[in-house]
Amino acid sequence: MKHLTIIVLVFAIPLSVSAQEVEKTWIFFTDKLDAAGKTMQAEPGYISVRAKERRQIRGSSWLAAQDAPVSHTYLEALSNEGVTVVRHSRWLNAVTAYLTAEQREAVRQLPFVHKIQRVAGLTTDASESTPAPPMIARPRSRPLDCGSSCYQLSVVNAIKPLDDGVNGKGVIIGFVDTRFDHNGVQLGHPATKHLADANRVRYRDYVSDDPGVGTQVDPNFHGVNTTAVTLGNAAGDLIGPCYGADTVYVAHTEWSPLERNVEEDNFVAAVEWMEVSGVDVINSSLGYSTFDSGEHSYTTADMDGDTGLTTIAFDLAAQRGVVPVTSAGNAGNSSWHIITTPADGDSVIAVGAVDPDSSTTSFSSRGPSADGRTKPDVAAQGRNVYTASSSGGYGWANGTSFSAPMVSGIVCQVLETNPKLNPKEVWEVLISTASQSTSPDNDQGWGIVNAEAAIAKAKAIGLDFQRLPAPASFTVHPAYPNPFGEEAQFVIELSKPLSDMHVTVHNMLGQRVLTPHAGPLSAGKHTIRIQAHELPAGLYSFVVQGGGARRSGLIVHIR
């Protein structure tokens, strides 16, 4: 347990010799073809009605190819090689499996395998609540009975919105973490039991069926600690800004015993499950980097927003209208002092930690990202945070693990106020109303969030918020394959000739890197090819413009 207390203590955990011989490995496929050579499609009903509605309002609806399952033909071929698949990722078109060195070499040579790489390890700030001197809440005159949690709510100016009844009603939120149960009930702690009692909790365990985990029961209840900051509704003890959430999805993705590294494939699988189920906000207090030897590991240079697979998963969720929030990490005083994946994502709200006096904590990870972007994005209290303990009581905890859930709760309040805001607009609402919105830095980003001001701005946007109907002059079909290696392609279907069609590809900084087409196109179907050339691996957007219409999409380049 002591290695999970603070992030800097887990970087040097070695794998055992036996674990080095058999490694959990990502296997990326070249395409999604069935036995007849046809492109597979997502099954009817796979995407919930709620998810479709959210994509329509806040995200993109062109992602059908990514939603299709991985090829059953390729899975059967892997099985014939003696490979047992652990996790599937539709979005990454990949699976994970435990492979020996001999199996890795054999799988690498299969014609439908694009590449393989080791599953990255977790660097977590997961910790149980730790005792701290009680804080005296700031003076207040409103009726909210928030007990010892009043102080952390006042730091982010969240008390008045709660007094006004803004508490996440109608919003669905998800958490990826360790255990969430109390007395055998998911979110059964007294602070969150109101949700369990109302049957508003959905749960999946991504740990117990992993053959690499072993038989030991996970002793860590970090999920109990983090969810209570967001969802708490215990008058006189603990109140969270999103206790009125419509439904809460919780996924046990991380296994804390020290003899194993916990891994990113569970995280990716959980994010995909939550997105198709209709979740609006996902909170993560986890980070992935490297701390042992192997054929693949992330470095500080990889924290560029385009490389980490958990970052890509969160970015793809954002493309579908989900707002991803994650802790920046607790590596402030370590050799790895910067943020980790997925906090480096440009579509991810990374949250740093401040002390009760609003100064940056010594442990909060700093930016910038490897490609020079300001990180973290915002901050909230991360030291002496009052929250639930695994015993069923309450205590104080330290870590960016506890600043991120506070911001996730405020995001719920923003979306309750204005459900039409997309993830980028939510980010803009938060940073434009934060404490240092005009002078961001790499300690606190744009500053400490201000819930009341953010909600007011979201409401003002909602007064004249209007999206124009999509023009019908052309249709852009999903890019394929996606992720892609040397080349991706998609079809543009024009109802009439256009003289000014432009197709451009942009990196996540918004810089144009390719122009696959510029000029006229006749009516009918046209195949546009995007050739990778020397592009680095990562996430890219493509934009199709012409005749006053505009379409955009997301593609993932892997090597």
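Bear in mind the structure is a predicted one, so any value in this text is a computation, not a measurement.
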Thr515: which residues meet the side chain to side chain contact (heavy atoms under 4.5 Å, CB included) condition with it, sequence neighbours left out?
Thr504, Arg512, Ala518
With no hydrogens and no angle check, do the side chains of Thr387 and Asn225 hold a donor and an acceptor under 3.5 Å apart?
no
Ser277 side chain vs Val279 backbone, donor-acceptor pair below 3.5 Å
no
side-chain contact (heavy atoms from CB on, under 4.5 Å) between Asn266 and Arg87, worked out:
CA-CA 7 Å; Asn266 292 339; Arg87 295 280 175 260; 2.7 Å; yes
Side-chain donor-acceptor contact under 3.5 Å, Thr310 with Thr341
yes
State, without any angle test, whether Glu272 and Ser89 hold a side-chain donor-acceptor pair at a distance under 3.5 Å.
yes
Test side-chain hydrogen bond (donor to acceptor under 3.5 Å, both in side chains) applied to Arg366 and Asp441, Asn442, Asp443, the passing residue:
Asp443
Run the ring-centre check on Phe175 versus His252 and record whether the distance is less than 6.0 Å.
no
For Arg204, all residues meeting salt bridge (charged side-chain N to carboxylate O under 4.0 Å, His left out), sequence neighbours excluded:
none
Distance from Asp246 atom CG to Ile172 atom CD1, nearest 0.5 Å?
5.5 Å
Would you check, one step at a time, whether the test side-chain contact (heavy atoms from CB on, under 4.5 Å) holds for Leu415 with Val426?
CA-CA 8 Å; Leu415 289 177; Val426 171; 3.8 Å; yes
Asp355 and Thr361: side chain to side chain donor-acceptor pair (under 3.5 Å), yes or no, with the steps?
CA-CA 5 Å; Asp355 287 331; Thr361 65; 5.2 Å; no
Could you check Gln319 against Ser347 for side chain to side chain donor-acceptor pair (under 3.5 Å), going step by step and ending with a plain yes or no?
CA-CA 8 Å; Gln319 285 289 316; Ser347 299; 5.2 Å; no
Could you give me the CA-CA distance, side-chain angles and deciding distance for Leu430 and Ile349, then say whether side-chain contact (heavy atoms from CB on, under 4.5 Å) is met?
CA-CA 9 Å; Leu430 290 181; Ile349 299 172; 3.8 Å; yes
Any side-chain donor paired with an acceptor under 3.5 Å for Gln444 and Thr360?
yes
Those residues at least two apart in sequence (or on a different chain) that pass side chain to side chain contact (heavy atoms under 4.5 Å, CB included) with Thr433 are Ala453, Ala454, Lys457
Carboxylate-amine/guanidinium proximity below 4.0 Å for Asp265 and Lys24:
yes
Spacing of Asn422 atom CG and Glu425 atom CD [to the nearest 0.5 Å]
3.5 Å
Can you name the residues that form a salt bridge (charged side-chain N to carboxylate O under 4.0 Å, His left out) with Asp280, not counting sequence neighbours?
Arg50, Arg58
Gln436 side chain to Gly445 backbone, donor-acceptor under 3.5 Å
yes
Name all residues meeting the side chain to side chain donor-acceptor pair (under 3.5 Å) criterion together with Gln413; count only those two or more places apart in sequence or in a different chain, and write none if there are none.
none
Results of salt bridge (charged side-chain N to carboxylate O under 4.0 Å, His left out) for Asp377 - residues two or more places apart only:
Lys375
Taken in chain and number order and not counting sequence neighbours, the residues that satisfy side chain to side chain donor-acceptor pair (under 3.5 Å) with Asp31 are Tyr74
Out of Lys52, Arg55, Arg90, which one pairs with Asp67 under the salt bridge (Lys or Arg N to Asp or Glu O under 4.0 Å) rule?
Arg55
Is Ser48 reaching over with its side chain to a backbone N or O of Ala51, donor-acceptor style, under 3.5 angstrom?
yes
Is any side-chain heavy atom of Arg118 less than 4.5 Å from a side-chain heavy atom of Thr25?
no
Check this for me: does any side-chain nitrogen of one of Arg320 and Asp315 sit under 4.0 Å from a carboxylate oxygen of the other?
no
Taking atom types as modelled and ignoring hydrogens, do the side chains of Asn283 and Ser408 form a donor-acceptor contact shorter than 3.5 angstrom?
yes
Using the side chain to side chain donor-acceptor pair (under 3.5 Å) criterion, which residues pair with Trp26? Sequence neighbours excluded.
Glu264
Quick one, Asn450 and Val156 - any side-chain contact, counting heavy atoms below 4.5 Å?
no
Decide if the gap between the ring center of Tyr151 and the ring center of Tyr386 is smaller than 6.0 angstrom.
no
Test side chain to side chain donor-acceptor pair (under 3.5 Å) applied to Ser403 - qualifying residues, sequence neighbours left out:
none
With the side chain counted from C-beta on, respond yes when His506 and Phe542 share a heavy-atom pair under 4.5 Å apart, and no when they do not.
no
Do the side chain of Lys160 and the main chain of Glu452 share a donor and acceptor less than 3.5 angstrom apart?
no
Qualifying residues under salt bridge (charged side-chain N to carboxylate O under 4.0 Å, His left out), relative to Glu487, sequence neighbours excluded:
Arg529
Residue pair His222, Ser285: steps toward the side chain to side chain donor-acceptor pair (under 3.5 Å) verdict:
CA-CA 9 Å; His222 188 248; Ser285 293; 5.2 Å; no
With sequence neighbours excluded, give me every ring-ring contact (aromatic ring centres under 6.0 Å, His included) pair touching residues 441-461.
Trp427-Trp446
Side chain to side chain contact (heavy atoms under 4.5 Å, CB included) against Val176, all qualifying residues, sequence neighbours excluded:
Ala251, Thr253, Phe267, Ala270, Met274, Ser284, Leu286
Is there a side-chain contact between Val351 and Ser327 in this structure, where contact means two heavy atoms from C-beta onward sitting under 4.5 Å apart?
no
Are the side chain of Gln381 and the backbone of Asn384 linked by a donor-acceptor contact shorter than 3.5 Å?
yes
Is it the case that the side chains of Thr400 and Asn330 hold a donor-acceptor pair, with the cut-off being a distance below 3.5 Å and no angle test?
yes
Just do the side-chain contact (heavy atoms from CB on, under 4.5 Å) check on Val378 and Ile448 with the steps written out, would you?
CA-CA 6 Å; Val378 291; Ile448 301 169; over 6 Å; no
